[in-house]
Amino acid sequence: MFQIQDQSLRPLTTAHLAQTMSLLNLSNTELHEKVISELAENPALELIEERVCPLCNRKLGSSVVCPVCSRKVPDEGPIVFMSPRDSYHPRTGSRYEQEDLDLEPTAPENLTAHVLQQLASDLEADDRQLAYYILSSLDDDGFLADPPALIARATRKTLSSVNEVIRLISRVDPVGLAASGPRDALLIQLELMPPCETRTIAESIIKDYFKELGRKEYEKIAADMAVGSAQIRRVVTFIQDNLNPYPARAFWGSGRHQQTADPNVFHNPDVVIRKNQNDPEGPLTVEIFAPISGWLRVNPLFRKAVTSSDEQASEAWNKHLEKATLFVKCIQQRSNTMQQLMSTLVRMQERFILKGDRHLIPITRAQIADEIGVHESTISRAVANKSVALPDGRMVPLSLFFDRSLAIRDRIKEIVRNESKPLTDEEISEELHNDGIKVARRTVAKYRTIEGILPARLRQQKQDRAPLKA
DNA sequence: CTATGGCACGGATT
DNA sequence: AATCCGTGCCATAG
């Protein structure tokens, strides 16, 4: 099984340190570009799909001893394995076996692979093919380009089995994929949520007032549905924050923390955390995405050429060689740090990941740094600009794991949700004190605004029970 | 007069 | 050193 050679990891030079730092800061999307450009301009760098035994030419995998001819493979220098799906067990750190799916890491293919992987256990072999056909026929937004009947004819399957597969696809990770349009996608996403008042209202709005929703005609919706306009606004905010009309463009959008980022830009996650497919109660699977798949290493031929050529010519080449070596080491270091970081983080915040915002334990980057024995700025950089897809489908910034107030804000949301009459900030503060959470009134106000909850006076009475719909 | 939001300060975090 | 966060004080809206 592949492992990183620890001795090569410690930063040896200031250059190494500096580059490691700058690489850590990058999200995998950014790193992808970096790697590509580095490969382009440095002839000493090489990306290969498979390592091959130099003696018997058989595939080596990650082993250092050839499984066929049992010869020890000569030391290749720094080499790092990069896979778009680099999953490992957060407790032991040991890696899960990679499935032999072998799909290119380009965006649409990745999505297909991602979905197929989740469906693997639910599908028969030929349904699997059908799923593949459907997935590849989707348009750019991930919606069905052709009506199911057409697909059924093209694949010579029954209409009902086509519909069934579509249903399955739309309910796994990017929820709402393969829907017939944005509206359908939203409805499917809602369907997977626990039933509650908000959900019911949201459903009515999307079903019957989709046009008005797009035009932001909230007053009209409120009047038509005979629901308070404040409530409508709240539900609309909820929809915007938690649902994604274009699931293929990302996993779920999380509007809440996007005030700083451009809300129209969804990026791919750097890390995906999901429950174990076969055993939902089992350990979480953590996948740290690497930008490219394959083995990144210093080209051995190039190395040989440099040492055997004359001094004059090799001067420039040596430089390339050094840079390449450095680069590979830095990438190694980066992935090692990320792995350690996620491992500790997932272990500490397991309850948060599984049970929701309220169980987030406030931790600081410094604590983590201490735990895994690196400088705190390293953690800062590793956390910055990264996003994580959670098992419940939300996509959140990695920094959320260090949010000190998330759990409290979640409590406030619940208190407000369950209040029988609008509570003032003061009262909410007292309520929280009963639970042993001590926060000043002023702070409650701040959290309230962050969560988009209106002040007590503008909050109208909860009219529980069905939000009628004729 | 009460509930809130703005401003600013100090301590913690990065 | 720069930034973020919780809080207190004060002005203001209702």
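Each chain gets a letter, A, B and so on, in the order the sequences are listed, and its residues count up from 1.
Note on S377(A): nothing from the nucleic acid sits closer than 4.0 angstrom, heavy atoms only. Note on R381(A): nothing from the nucleic acid sits closer than 4.0 angstrom, heavy atoms only.
Rounded to whole Å, the distance from CD1 on I363(A) to P on dT14(B) is 10 Å. Taking atom CG of L423(A) as the reference point, atom P of dT4(B) lies 10 Å away to the nearest angstrom. The interatomic distance linking L454(A) (CG) with dG14(C) (P) rounds to 14 Å, in whole Å. Atom CD1 in I453(A) sits roughly 16 Å away from atom C1' in dG5(B) (whole-Å rounding). Atom CZ of R457(A) is separated from atom P of dC1(B) by 16 Å (rounded to the nearest Å). In this structure, CZ of R448(A) is placed 11 Å from P of dG6(B), rounded to the nearest angstrom.
Using a 4.0 Å cut-off between charged nitrogen and carboxylate oxygen, E451(A) and K413(A) count as a salt-bridge pair. In this structure, D410(A) pairs ionically with R358(A), as a charged nitrogen and a carboxylate oxygen lie closer than 4.0 Å. For R411(A) and E414(A), the salt-bridge test passes: some basic side-chain N is under 4.0 Å from an acidic carboxylate O.
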Inset, instruction - At under 4.0 Å between heavy atoms, which parts of nucleotides 5-11 of chain C does protein reach? Answer with one letter per nucleotide, 5' to 3': B base, S sugar-phosphate only, - none. - result: SSBBB--

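Annotation: ring-ring contact (aromatic ring centres under 6.0 Å, His included) contacts of F327(A) (sequence neighbours excluded): none.
Heavy-atom distances to DNA chain B give each of A445(A) and Q367(A) a nearest nucleotide, and the one nearer the 5′ end belongs to A445(A).
The nucleotide whose nearest atom lies closest to any side-chain atom of P455(A) is, among dT4(B), dT14(B), dG14(C), dT4(B). Closest to the side chain of A366(A), out of dG5(B), dA3(B), dT14(B), is dT14(B).
S429(A) places no side-chain N or O within donor-acceptor distance of the main-chain N or O of D425(A), the cut-off being under 3.5 Å. Between the side chain of R365(A) and the backbone N or O of E376(A), no donor-acceptor pair lies under 3.5 Å.
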Sequence neighbours excluded and cut-off under 3.5 Å, please list the side-chain donor-acceptor pairs for residues 377-384 of chain A, or say none.
residue, atom, partner, partner atom, Å
S377(A), OG, H375(A), ND1, 3.3
T378(A), OG1, H375(A), O, 3.2

